[in-house]
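Down below is the structure, laid out as structure tokens.
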Amino acid sequence: QVQLVESGGGLVQAGGSLRLSCAASGRTSSSYAMGWFRQAPGKGGRFVAAINWSSGATYYADSVKGRFIISMDNAKKMVYLQMDNLKPEDTDVYYCAAGGRNALADPPFYWNSWGQGTRVTVSS
């Protein structure tokens, strides 16, 4: 089991930036990838970005390409989401996830560990 703890959410004006952090602990060696998802109350989760632990390959939702960057510090078992040029529609609770490989999925991962979420609010 992998434990995940997010931090870095908050309130920011449109056009501003936030950096989310996710600290992984436990059986991190069993994880192949890390990702970020978002969810609004009463709605399903949506993929934001993912990164392959070993290769560093990154994947993004179309809505955040060019604005968000996912990165990792393998030694510290940390994953980050740099969010620039934020828009009011980016407002959501953001969750960190860890998982393994699923060649049939897009991106090619499955997710089996989740953090508790951190809220991001972008004001207009």
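Since this is a predicted model, take the numbers as computed values, not measurements.
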Shortest non-hydrogen separation from [X] to [Y] and the atoms involved:
{"X": "Arg38", "Y": "Asp92", "result": "NE-OD2, 2.7 Å"}
{"X": "Gly9", "Y": "Thr118", "result": "N-OG1, 3.1 Å"}
{"X": "Val2", "Y": "Ala98", "result": "CG1-CB, 4.3 Å"}
{"X": "Pro108", "Y": "Ala103", "result": "CB-CA, 4.3 Å"}
{"X": "Leu86", "Y": "Leu18", "result": "CD1-N, 3.8 Å"}
{"X": "Asp90", "Y": "Tyr94", "result": "O-OH, 2.6 Å"}

(message) Determine whether a donor-acceptor pair (N or O, by modelled atom type, separation under 3.5 Å) exists between the side chain of Asn74 and the backbone of Trp53.
(response)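 Yes: the side chain of Asn74 pairs with the backbone of Trp53.
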(message) Strictly distance-based, threshold 3.5 Å: is any side-chain N or O of Asp84 a donor or acceptor partner for the main-chain N or O of Ser17?
(response)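 No; zero donor-acceptor contacts below 3.5 Å.
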(message) Can you confirm whether or not the ring centre of Phe109 sits under 6.0 Å from the ring centre of Tyr59?
(response) yes
(request) Measure the spacing between OG of Ser29 and NZ of Lys77 and express it to the nearest 0.5 Å. (result) 7.5 Å
(message) What's the separation between atom CZ in Phe37 and atom CZ in Arg46, rounded to the nearest 0.5 Å?
(response)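 One gets 12.0 Å once the value is rounded to the nearest 0.5 Å.
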(request) Determine, stepwise, if the pair Asp73 / Tyr80 fulfils side chain to side chain contact (heavy atoms under 4.5 Å, CB included). (result) CA-CA 8 Å; Asp73 184 329; Tyr80 307 98; 4.2 Å; yes
(message) Set out, in order, the CA-CA distance, both residues' side-chain angles and the distance that settles side chain to side chain contact (heavy atoms under 4.5 Å, CB included) for Met78 and Ser21, then state yes or no.
(response) CA-CA 7 Å; Met78 295 289 296; Ser21 299; 3.9 Å; yes
(request) Using a cut-off of 6.0 Å, state whether more than 12 heavy atoms not belonging to Gln13 lie near its atom CD. (result) no
(request) List in chain and number order the residues that pass ring pair (Phe, Tyr, Trp, His ring centres under 6.0 Å) with Tyr60, two or more places apart in sequence or in another chain; answer none if no residue qualifies. (result)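 Partners of Tyr60 by the ring pair (Phe, Tyr, Trp, His ring centres under 6.0 Å) criterion come out as none, since no residue qualifies.
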(request) Output every pair passing side-chain hydrogen bond (donor to acceptor under 3.5 Å, both in side chains) with a member in residues 103-117, not counting sequence neighbours, ordered by first then second residue. (result)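 Residue pairs with at least one partner in residues 103-117: Glu6-Gln116.
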(message) Run the side chain to side chain contact (heavy atoms under 4.5 Å, CB included) test on Tyr95 and Leu4 for me, step by step, so that the C-alpha distance in whole Å, both residues' side-chain angles and the decisive distance to 0.1 Å come before the verdict.
(response) CA-CA 9 Å; Tyr95 296 86; Leu4 303 169; over 6 Å; no
(request) Any chance you could lay out the side chain to side chain contact (heavy atoms under 4.5 Å, CB included) test for Gln82 and Arg19, step after step, and finish with the verdict? (result) CA-CA 4 Å; Gln82 178 67 39; Arg19 187 194 195 204; 3.5 Å; yes
(request) Applying side-chain contact (heavy atoms from CB on, under 4.5 Å), name anything that partners Ala105, two or more places apart in sequence or on another chain. (result)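 Asn102.
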